[in-house]
Amino acid sequence: MLRKIVDFLEFQKINFENKKVLIAVSGGIDSMVLVHVAKKLEWNFAVAHMNFKLRGDESEGDQIFVEKQAAHYNVKVFCKQVDTHEFATQHKISVQEAARNLRYEWFDKLATEEGFHYILTAHHAGDVAETLFFNLVRGAGLSGAHGILASNGKIIRPMLQLS
């Protein structure tokens, strides 16, 4: 897995040497694997966790877990709690779209304020297939046929080729 991630980054011409990296961490296995990889490859990174307050005590538990893991890895952690349902209602959008908008807006703000060069997410091949299917079902046509991009500006998804 490490080799595939390193090969992916080399293919994309992305080098984290002397760069600050922010890793989006949900607390799920995918993002925790990415944190482990970052530590193993000795990247200069911090983690960011957004608590969407969608699952009650489970959401609180995820945040506590991420904070403990950041301490274990001895990296800085940024956490933010948001009322996703209220945001979705105010902007007349789905909860999923609200969560995505809130998340990426905050990550971008953190990157600017804290000097992060890249924002990494743990999206993987399964997420690509799911996004592609969702886009086609909602009628996106060929414009939605790409699924998730491997990189988009500062945002890098180094696990996209992994299942």
Side-chain angles (χ1 to χ4, degrees), residues 1-82 84 95-132 134 146-163:
M1 176 175 25
L2 284 173
R3 182 78 254 158
K4 284 186 176 183
I5 290 173
V6 169
D7 289 347
F8 165 83
L9 293 170
E10 287 175 358
F11 179 77
Q12 295 287 326
K13 295 181 178 21
I14 299 168
N15 184 341
F16 295 148
E17 191 174 335
N18 301 317
K19 304 287 189 212
K20 286 178 64 178
V21 177
L22 181 66
I23 301 177
V25 178
S26 66
I29 188 72
D30 305 332
S31 60
M32 293 314 303
V33 165
L34 185 54
V35 169
H36 181 75
V37 165
K39 189 67 172 181
K40 190 93 168 158
L41 295 175
E42 299 179 350
W43 296 340
N44 178 14
F45 73 98
V47 300
H49 173 78
M50 181 166 273
N51 181 341
F52 296 103
K53 302 184 90 43
L54 294 173
R55 296 176 295 113
D57 290 342
E58 283 184 51
S59 293
E60 302 306 316
D62 287 345
Q63 181 174 333
I64 291 166
F65 175 73
V66 170
E67 291 169 337
K68 285 181 180 178
Q69 289 301 304
H72 169 76
Y73 284 106
N74 196 30
V75 297
K76 189 169 185 176
V77 61
F78 300 92
C79 291
K80 181 173 182 173
Q81 295 187 5
V82 294
T84 310
V95 170
Q96 293 82 2
E97 187 176 355
R100 184 176 49 254
N101 292 349
L102 287 163
R103 176 173 54 239
Y104 284 111
E105 180 181 304
W106 182 54
F107 294 159
D108 190 51
K109 182 178 180 193
L110 272 177
T112 300
E113 290 176 355
E114 300 289 333
F116 290 104
H117 298 91
Y118 295 106
I119 301 164
L120 276 57
T121 70
H123 290 101
H124 54 80
D127 297 319
V128 174
E130 182 180 296
T131 300
L132 177 60
F134 176 75
H146 59 74
I148 300 173
L149 300 174
S151 63
N152 185 6
K154 287 183 182 180
I155 299 169
I156 310 295
R157 299 175 180 97
M159 296 173 58
L160 272 188
Q161 76 284 4
L162 304 174
S163 58

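The basis for the numbers below is simple: all heavy atoms, side chains too, and nothing from hydrogens, waters or symmetry mates.
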Q: For E17, look at atom CD and say whether over 12 heavy atoms of other residues, nucleotides or ligands are found less than 6.0 Å away.
A: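 Count not over threshold, so no.
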Just how far is it from atom [atom1] of [X] to atom [atom2] of [Y], taken to the nearest 0.5 Å?
X    : Y    : atom1 : atom2 : result
R100 : Q96  : CZ    : CD    : 8.5 Å
I23  : M32  : CD1   : CE    : 9.5 Å
N18  : H117 : CG    : NE2   : 8.5 Å

Q: Please check if the side chain of K39 supplies one atom and the backbone of Y73 the other of a donor-acceptor pair under 3.5 Å.
A: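 It does hold such a pair.
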(Q) For the backbone of S26 and the side chain of S31, can you confirm whether one donor and one acceptor N or O come within less than 3.5 Å of each other? (A)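 Judged by distance alone, yes, a pair lies under 3.5 Å.
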Looking only at heavy atoms, which two atoms of [X] and [Y] are closest? And how far apart?
X    : Y    : answer
R157 : T121 : CG-OG1, 3.1 Å
A48  : L22  : CB-CD1, 3.7 Å
T84  : V95  : CG2-O, 3.8 Å
A111 : K154 : CB-NZ, 3.9 Å

Q. Under the ring pair (Phe, Tyr, Trp, His ring centres under 6.0 Å) test, which residues partner F16, sequence neighbours left out?
A.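 For F16 the ring pair (Phe, Tyr, Trp, His ring centres under 6.0 Å) partners, ignoring immediate neighbours, are W43, Y118.
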Could you tell me whether the side chain of [Y] reaches within less than 4.5 Å of the side chain of [X], counting heavy atoms only?
X    : Y   : result
F65  : H49 : no
M159 : V33 : yes
K80  : V82 : yes
D62  : N51 : no
L102 : M50 : yes
I156 : F8  : yes
E114 : K76 : yes

Q. side-chain contact (heavy atoms from CB on, under 4.5 Å) between L2 and L41: does it pass, once the steps are laid out?
A. CA-CA 8 Å; L2 284 173; L41 295 175; 4.1 Å; yes
Q | Test: K20 cationic atom under 6.0 Å from F116 six-membered ring centre, within 45° of axis | A |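 Relative to the ring axis of F116, which defines the angle, K20 lies inside both limits.
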Q: Take F52 and R103 through the side-chain contact (heavy atoms from CB on, under 4.5 Å) test and state the conclusion after the steps.
A: CA-CA 9 Å; F52 296 103; R103 176 173 54 239; 3.5 Å; yes
Q.
Checking L9 against N15 for the side-chain contact (heavy atoms from CB on, under 4.5 Å) test, could you report, in this order, the C-alpha distance in whole Å, the side-chain angles of both residues, the deciding distance, and whether it holds?
A. CA-CA 7 Å; L9 293 170; N15 184 341; over 6 Å; no
Q: Indicate yes or no: does E60 engage K53 in a salt bridge with an N to O separation below 4.0 Å.
A: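 Salt bridge present between E60 and K53.
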Q: Take N44 and V21 through the test side-chain contact (heavy atoms from CB on, under 4.5 Å) and record every step on the way to the result.
A: CA-CA 6 Å; N44 178 14; V21 177; over 6 Å; no
